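This one's a predicted model, so the numbers in the text were calculated from it and none came from an experiment.
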Amino acid sequence: MPPRQRLAPADRRAQLLAVGARLFAAHPYADVLMEEVAEQAGVSRALLYRHFPSKHALFAAVYQQAADKLLAETRLDPADSLVEQLIQGMDVHLDYFVANRNAVLAANRVLAGDPVIQTIMTNELDALRARLLAVLPLADESAREAVSGVLKSWLVFVQVLCVDWLTEETCTRTQLRDVCIGAVLGALRPLLAEDPAPGWTTTPGA
């Protein structure tokens with residue numbers, strides 16, 4: 001066990017989250033043991049359990065932290081075109097999915113239906129939907145509800161497709177990203193005041 005360091009409670013929690021995130025990324029959920037988290041953090045199991053009473057609680061905190069970071073890194077900058085914004089957002093999420101495959105599969109497969117994990121996912125998707133609504137050229141306010149419904153369904157579609165892709169890579173990462181972007185552009189075009197991506201067919205510049 002590494003020598004134990006005295007840390008403030010917030011710093012200790014951050015350290016334990018970092019160790020947990022690393023282990024959940026490297027191993028399937030069932031293979032991550034709280035004893036190993038404590039050992040790698042250089043703390044006693046009692047101290048670990050004071051911060052996180054169970055492996056589920058630790059994983060939920062790790063996943064919440066990841067969701068918050070993904071939202072912070074998804075810019076949706078109005079100065080960029082919609083396609084550029086979608087590409088940036090997709091790349092941020094795909095970077096995380098690839099680097100944390102085991103954690104993503106745990107959240108979507110092992111813990112599918114878990115209310116805590118599902119709430120974290122739902123809150124992130126709702127935040128992304130609100131951001132997209134804010135940058136889309138809506139014809140008028142009456143179109144907002146229809147566009148919001150399309151975005152909600154699309155975000156779930158992307159989530160399912162990306163999780164399936166992590167299980168079996170049936171296409172390249174770029175193809176996966178472009179399928180997702182093409183799907184939302186095609187679904188939104190009839191509802192918007194103007195074509196959100198007039199130059200987009202199947203891939204940029206095609």
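In this structure, K152 is not positioned above the aromatic face of F157 in the sense of NZ or CZ being under 6.0 Å from the six-membered ring centre and within 45° of the axis.
Of all heavy-atom pairs between Y96 and A103, the closest is OH-CB, 4.3 Å. Closest approach of V43 and R12 over heavy atoms only: CG1-NH1, 3.3 Å.
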**Q.** Evaluation steps, side chain to side chain contact (heavy atoms under 4.5 Å, CB included), between N102 and Y29
**A.** CA-CA 7 Å; N102 284 307; Y29 182 81; over 6 Å; no
Q: Take D80 and Q88 through the side-chain hydrogen bond (donor to acceptor under 3.5 Å, both in side chains) test and state the conclusion after the steps.
A: CA-CA 10 Å; D80 295 333; Q88 191 272 338; over 6 Å; no
Q: Under the side chain to side chain contact (heavy atoms under 4.5 Å, CB included) rule, what do R22 and Q40 come out as? Steps first, then yes or no, please.
A: CA-CA 10 Å; R22 186 171 66 248; Q40 291 203 15; 3.0 Å; yes
Q: For the pair D126 and R131, evaluate salt bridge (charged side-chain N to carboxylate O under 4.0 Å, His left out) and give the outcome as yes or no after the intermediate values.
A: CA-CA 9 Å; D126 284 347; R131 291 187 186 184; over 6 Å; no
Q: Apply salt bridge (charged side-chain N to carboxylate O under 4.0 Å, His left out) to the pair D91 and R173, showing each step before the final yes or no.
A: CA-CA 9 Å; D91 281 342; R173 171 179 161 151; 3.7 Å; yes
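With a 4.5 Å cut-off on side-chain heavy atoms, V110 and L105 do not count as touching. In this structure, S153 and V156 have side chains that are not in contact, with every pair of non-hydrogen atoms separated by 4.5 Å or more.
No continuous path of hydrophobic side-chain contacts links L33 to L58 [ILVMFWY only; heavy atoms under 4.5 Å].
Using modelled atom types, one finds a donor on one side chain and an acceptor on the other under 3.5 Å when comparing E124 with H93. Side-chain contact check for N108 and Q159: at least one donor-acceptor pair (N or O, by modelled atom type) lies under 3.5 Å. When only modelled atom types and interatomic distance are considered, Q64 and D68 share a side-chain donor-acceptor pair under 3.5 Å.
Here R13 pairs with nothing under the salt bridge (charged side-chain N to carboxylate O under 4.0 Å, His left out) rule; sequence neighbours left out. A search for side chain to side chain donor-acceptor pair (under 3.5 Å) contacts involving E84 returns S81, not counting sequence neighbours. With sequence neighbours left out, the salt bridge (charged side-chain N to carboxylate O under 4.0 Å, His left out) criterion links E194 to no other residue. Legend: residues meeting side chain to side chain donor-acceptor pair (under 3.5 Å) with D164, ordered by chain and number and at least two apart, are R109.
For residues 111-121, the side chain to side chain donor-acceptor pair (under 3.5 Å) pairs, not counting sequence neighbours, are H56-D114.
To the nearest 0.5 Å, atoms CG (L86) and CG (L132) are separated by 6.5 Å.
In this structure, F24 and F59 have perpendicular ring planes: the angle between them is above 60°, well past the 30° mark.
For E145, the CD atom counts as loosely surrounded, since its 6.0 Å shell holds 12 or fewer non-hydrogen atoms of other residues, nucleotides or ligands.
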Using a 3.5 Å cut-off and no angle test, enumerate the donor-acceptor pairs between side-chain atoms of residues 69-76 and protein atoms at least two apart in sequence or in another chain.
unit_1, atom_1, unit_2, atom_2, d
T74, OG1, L70, O, 2.7

